[in-house]
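For reference, the structure is listed below as structure tokens.
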Amino acid sequence: QVQLVESGGGLVQPGGSLRLSCVASGSIFSINAMGWYRQAPGKEREVVATITSELATNYVDSVKGRFTISRDNAKNTVYLQMNSLKPEDTAVYYCNAHIQSPLSRWWQDYWGQGTLVTVSS
């Protein structure tokens with residue numbers, strides 16, 4: 001059993017900052033890519049940023065220069081530092097991880113429960 005638990009969401013004014021964290025725990029042999037996705041009301045879920053186990057990163061154009069994804073492999077944790085937040089960043093943010101089982105050695109995608117980020121004055 002694997003769990004991803006996010007934290008750090010909340011209400012922030014435009015121009016403000018938040019830092020999201022996501023910890024993976026449970027039956028884990030290895031973690032490959034980790035990432036953050038978001039879903040705004042009435043919209044489809046979209047990828048925000050991803051990071052590989054070698055720390056290569058990728059961002060959606062709308063957050064480049066404002067958001068930074070990072071990870072601590074020793075802690076099975078991925079972070080999303082969000083600066084210069086805009087109202088259009090308001091969404092539920094989900095953590096994702098591609099995890100290998102220690103028993104079967106199969107790879108599987110896991111998702112967190114989501115954390116709400118609201119950018120409003």
Side-chain angles (χ1 to χ4, degrees):
Q1 193 77 350
V2 172
Q3 283 190 322
L4 299 184
V5 179
E6 300 119 333
S7 60
L11 173 64
V12 63
Q13 292 186 343
S17 298
L18 282 176
R19 188 191 193 209
L20 305 183
S21 300
C22 172
V23 180
S25 62
S27 186
I28 297 171
F29 180 75
S30 181
I31 302 178
N32 192 349
M34 303 184 81
W36 289 95
Y37 292 68
R38 66 186 179 187
Q39 187 166 18
K43 295 188 177 182
E44 294 187 353
R45 188 176 298 189
E46 65 169 352
V47 59
V48 176
T50 60
I51 184 168
T52 69
S53 55
E54 293 80 26
L55 307 184
T57 60
N58 197 23
Y59 299 90
V60 67
D61 285 346
S62 60
V63 308
K64 285 180 180 177
R66 300 188 298 121
F67 291 10
T68 301
I69 189 170
S70 60
R71 65 189 282 175
D72 184 333
N73 289 332
K75 296 181 179 180
N76 290 340
T77 300
V78 62
Y79 306 96
L80 186 67
Q81 178 66 43
M82 304 185 294
N83 299 328
S84 302
L85 282 160
K86 304 176 181 180
E88 51 263 44
D89 295 318
T90 296
V92 178
Y93 284 71
Y94 297 91
C95 172
N96 171 270
H98 198 52
I99 295 175
Q100 188 178 30
S101 165
L103 296 178
S104 67
R105 301 298 172 94
W106 290 349
W107 291 91
Q108 186 173 344
D109 273 332
Y110 291 89
W111 293 88
Q113 79 286 354
T115 185
L116 178 62
V117 172
T118 303
V119 185
S120 175
S121 55

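One-based numbering along the sequence shown. Predicted, not measured: the structure shown is a model, and the values here were computed from it.
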message = Give me the atom names and distance for the closest heavy-atom approach of Ile99 to Ala24.
response = CD1-CB, 4.3 Å
request  = Locate the shortest heavy-atom distance separating Tyr59 from Ala49; write the atom from each residue and the value.
outcome  = CD2-CB, 3.6 Å
inquiry  = Nearest 0.5 Å, please: how far is NE2 in His98 from CD in Gln108?
reply    = 9.5 Å
request  = Write down the atom of Tyr79, the atom of Ser21, and the distance for their closest heavy-atom approach.
outcome  = CD2-OG, 3.4 Å
ask   = Under a 4.5 Å side-chain heavy-atom rule over Ile, Leu, Val, Met, Phe, Trp and Tyr, are Ile28 and Ile51 clustered together?
value = yes
message = Is there a continuous path of hydrophobic side-chain contacts, each under 4.5 Å between heavy atoms, that joins Tyr110 to Val23?
response = no
query = Any salt bridge between Lys64 and Asp61, counting N to O under 4.0 Å?
reply = yes
message = Grouping I, L, V, M, F, W and Y whenever their side-chain heavy atoms are under 4.5 Å apart, do Leu20 and Val119 come out in a common cluster?
response = yes
remark   = Distance col, row Asn83:CG vs Thr68:OG1, nearest 0.5 angstrom, shows 6.5 Å
inquiry  = Tell me whether Gln13 contacts the main-chain N or O of Ser121 through its side chain, where contact means a donor paired with an acceptor under 3.5 Å.
reply    = no
query = Do the side chains of Val63 and Leu85 join up, straight or via other hydrophobic residues, at under 4.5 Å, putting them in one cluster?
reply = yes
key: Nearest non-hydrogen partners of Tyr94 and Gly114, listed with the distance   = CD2-CA, 3.6 Å
message = Tell me if a side-chain donor or acceptor on Glu6 pairs with a main-chain N or O of Cys22 at a distance below 3.5 Å.
response = no
ask   = Taking all atoms of both residues into account, what is the closest heavy-atom pair of Ser17 and Ser84, and its distance?
value = OG-N, 4.4 Å
query = Would you say Tyr37's side chain and Trp111's backbone share a donor-acceptor pair under 3.5 angstrom?
reply = no
key: Over 12 non-hydrogen atoms of neighbours within 6.0 angstrom of CD in Gln3   = no
request  = Return the orientation label for the Phe67 and Tyr93 ring planes: parallel under 30°, perpendicular over 60°, tilted otherwise.
outcome  = tilted
key: Full working for side chain to side chain contact (heavy atoms under 4.5 Å, CB included) between Arg71 and Ser53   = CA-CA 8 Å; Arg71 65 189 282 175; Ser53 55; 4.3 Å; yes
request  = Please round to the nearest 0.5 Å and tell me the distance separating atom CG of Asp72 and atom OG1 of Thr77.
outcome  = 6.0 Å
remark   = Of all heavy-atom pairs linking Leu4 and Cys95, the shortest is CD1-O, 3.8 Å
query = Can you check side chain to side chain contact (heavy atoms under 4.5 Å, CB included) on Val12 and Met82, steps first, answer last?
reply = CA-CA 11 Å; Val12 63; Met82 304 185 294; over 6 Å; no
query = Is the backbone of Thr90 close enough, under 3.5 Å, to the side chain of Arg38 for a donor and an acceptor to pair up by distance?
reply = no
ask   = With respect to Ile31, which candidate in Val2, Asn76, Asn73 satisfies the side chain to side chain contact (heavy atoms under 4.5 Å, CB included) definition?
value = Asn76
query = So if you build clusters from Ile, Leu, Val, Met, Phe, Trp, Tyr with side-chain heavy-atom gaps below 4.5 Å, do Leu18 and Leu11 land together?
reply = no
key: Interatomic distance, Ser62 atom OG to Glu88 atom CD [nearest 0.5 angstrom]   = 8.5 Å
task = Check the pair Thr115 / Ser7 against side chain to side chain contact (heavy atoms under 4.5 Å, CB included), numbers first and verdict last.
result = CA-CA 7 Å; Thr115 185; Ser7 60; over 6 Å; no
